[in-house]
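Here is how names work: the chains are called A, B, and so on, in the same order as the sequence lines, proteins then strands, and each is numbered from 1. Below, each value reflects all heavy atoms present in this structure, side chains not excepted, and no hydrogens, waters or symmetry copies. This is a predicted model, so every value here is computed, not measured.
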Number of protein chains: 2
Amino acid sequence: MVSSKINTEEKILDAAKDVFQSKGMDGARMQEIADKAGINKAMLHYYYRSKQKLFEAVFKNAFTIMAPKLIKIFDSEEPFFELIEHFVNDYISFVSKHSYIPIFIIQELNRNPEMIKEVIAEKFGKVTNSLESKIEKLVKSGEIRRISAQQLIINIISLCVFPFLARPLLSEILQKDKRAYKALMEERKTHVSEFIINAIKIKQ
Amino acid sequence: MVSSKINTEEKILDAAKDVFQSKGMDGARMQEIADKAGINKAMLHYYYRSKQKLFEAVFKNAFTIMAPKLIKIFDSEEPFFELIEHFVNDYISFVSKHSYIPIFIIQELNRNPEMIKEVIAEKFGKVTNSLESKIEKLVKSGEIRRISAQQLIINIISLCVFPFLARPLLSEILQKDKRAYKALMEERKTHVSEFIINAIKIKQ
DNA sequence: GTCTATAGCCAGATAGAC
DNA sequence: GTCTATCTGGCTATAGAC
């Protein structure tokens, strides 16, 4: 029984996602994808022509899931401190559930930086400007400290994502097993936004 | 002239470093390493027996360069705020010069998390404790805000390293070319420590 | 120690029957 | 659409001459 008659095309994409995201483009094997999808190698080529094309489908998919979550920080009308709280909480929750996605995207973009131009569109350009001017306004009105908007954006994303990329290293340094590390990440949903707000808020 | 008669073994390790760090274990080709070292494939096996062994030599080397720089944050006797300033400045300088190393280590540790146990020794365990108790002391004496020592450590490392891992993504989002992104990283040498200190310092 | 030549394997891709 | 069988090429690794 199980997933008997969903689209073969989708079964392939699902299996490919697992394999590519854990092994990377170069480490992935078409045979393993076929096995995991419950079909044979020939079918992979029937649907996707080549390993490269299949990989691109998986990558674009991952990026398409990731981008809207990320873009929320640029794109909200909430008051700034609430925006930070919500973004940090939501984004860390998302990455906790899909921890393969960031390392996959980062890794493959470093392998082949040109890929980004195919997926990013100009979506981001406009929204970054709007956040930047929002931050600059808060600086001028004296609600937050003088700070570079771009640096602040980098900081927010860094604090949310990095601990998931570096989990093997950090969990060893901090002597945390899997469960304890997960608890630490859970804590971060509130810790990080407090940290950021403390860094920028001007006390009256 | 040039590097004519340095050890063949070192020439190999140098070439292997370049290739493994830009292509990863799976993407690297022994032929390319041989070409870059100016010798032939047979020599690679003569000196290192297998691709795996050569890779391990490169990985341990990279980790051995990285670890002492990282460990400085745990291991210094400076006053805490100065420690942060110096660590952030030095670590970002280091990563700027060797930007392949962090992505290489992170990537390969995710591919094979067991590797860490072979390289990390217990060096880290002791020093983390010492930093943690130092932070806890500052919390109790009211010099810095109540904060989890471990979260703070994660934050510091995140803010230093992540922008180099995510450069292809961030430089596209922020619309920075290579030169402008480098300038942003230069700025971070002071920006990040100010940000951290503002986040934790208690104003009188 | 260093080379050329090649063994041996395994991957991605395709042909062609059903 | 789905399969089996196979081609073709490229890779790691080794044998063996110098």
Query raised in the report: What is the distance from CG of B:Asp35 to C1' of C:dC3, rounded to the nearest Å?
Result: 14 Å

Query raised in the report: Considering residues at least two apart in sequence or located in another chain, which fulfil the salt bridge (charged side-chain N to carboxylate O under 4.0 Å, His left out) criterion with B:Glu136?
Result: none

**Report entry** Within residues 46-61 of chain A: residues closer than 4.0 Å to DNA chain C (heavy atoms)
**Finding:** A:Ser50, A:Lys51

Query raised in the report: Within less than 4.0 Å of OP1 or OP2 of D:dT2, is there a side-chain N or O belonging to A:Thr8?
Result: yes

Query raised in the report: Contact class for A:Leu44 (heavy atom, under 4.0 Å): base, sugar-phosphate, or nothing?
Result: nothing

Look for any protein N or O under 3.5 Å of an N or O in nucleotides 4-9 of chain D and output each such pair with its distance, or none.
none

Report summary line: Sequence neighbours excluded, the answer for side chain to side chain donor-acceptor pair (under 3.5 Å) partners of B:Glu56 is B:Gln52

Query raised in the report: So, A:Glu194 and A:Asn198: side-chain donor and acceptor under 3.5 Å apart, yes or no?
Result: no

Query raised in the report: When you check the gap from the basic side-chain N to the acidic O, do B:Lys189 and B:Glu186 get nearer than 4.0 Å?
Result: yes

**Report entry** Qualifying residues under side chain to side chain donor-acceptor pair (under 3.5 Å), relative to B:Gln107, sequence neighbours excluded
**Finding:** none

Query raised in the report: Between the two ends of the helix from C:dG1-D:dC18 to C:dC18-D:dG1, what is the bend in degrees, rounded to 10 degrees, where each end axis spans five pairs?
Result: 10°

**Report entry** Partners meeting salt bridge (charged side-chain N to carboxylate O under 4.0 Å, His left out) with A:Arg167 (sequence neighbours left out)
**Finding:** none

Requested in this report: Measure from CE on A:Met43 to P on D:dT2 and round the result to the nearest Å.
Outcome: 4 Å

Report task. Check the side chains of B:Asn155 and B:Gln151 for a donor-acceptor pair under 3.5 angstrom, ignoring hydrogens and angles. Result -> no

**Report entry** Sequence neighbours excluded - ring pair (Phe, Tyr, Trp, His ring centres under 6.0 Å) pairs with any residue from residues 11-36 of chain B
**Finding:** B:Phe20-B:Phe55

Report task. With sequence neighbours excluded, tell me which residues meet side chain to side chain donor-acceptor pair (under 3.5 Å) with B:Glu78. Result -> B:Ser76, B:His86

Query - Results of side chain to side chain donor-acceptor pair (under 3.5 Å) for A:Ser22 - residues two or more places apart only - result: none

Query raised in the report: Between residues 23-32 of chain B and DNA chain C, which residues have a heavy-atom gap below 4.0 Å?
Result: none

Would you mind writing out the side-chain donor-acceptor pairs for residues 95-104 of chain A within the sub-3.5 Å range, not counting sequence neighbours?
from: A:Ser96; atom 1: OG; to: A:Ile92; atom 2: O; distance (Å): 2.9
from: A:His98; atom 1: ND1; to: A:Phe94; atom 2: O; distance (Å): 3.2

Query raised in the report: Going through the distances and angles, do B:Ile197 and B:Ile144 end up as a side-chain contact (heavy atoms from CB on, under 4.5 Å)?
Result: CA-CA 9 Å; B:Ile197 290 171; B:Ile144 67 173; over 6 Å; no

**Report entry** B:Lys182, NZ: over 12 other non-hydrogen atoms inside 6.0 angstrom
**Finding:** no

**Report entry** Side-chain N,O (B:His45) to OP1/OP2 (D:dA13) below 4.0 Å
**Finding:** yes

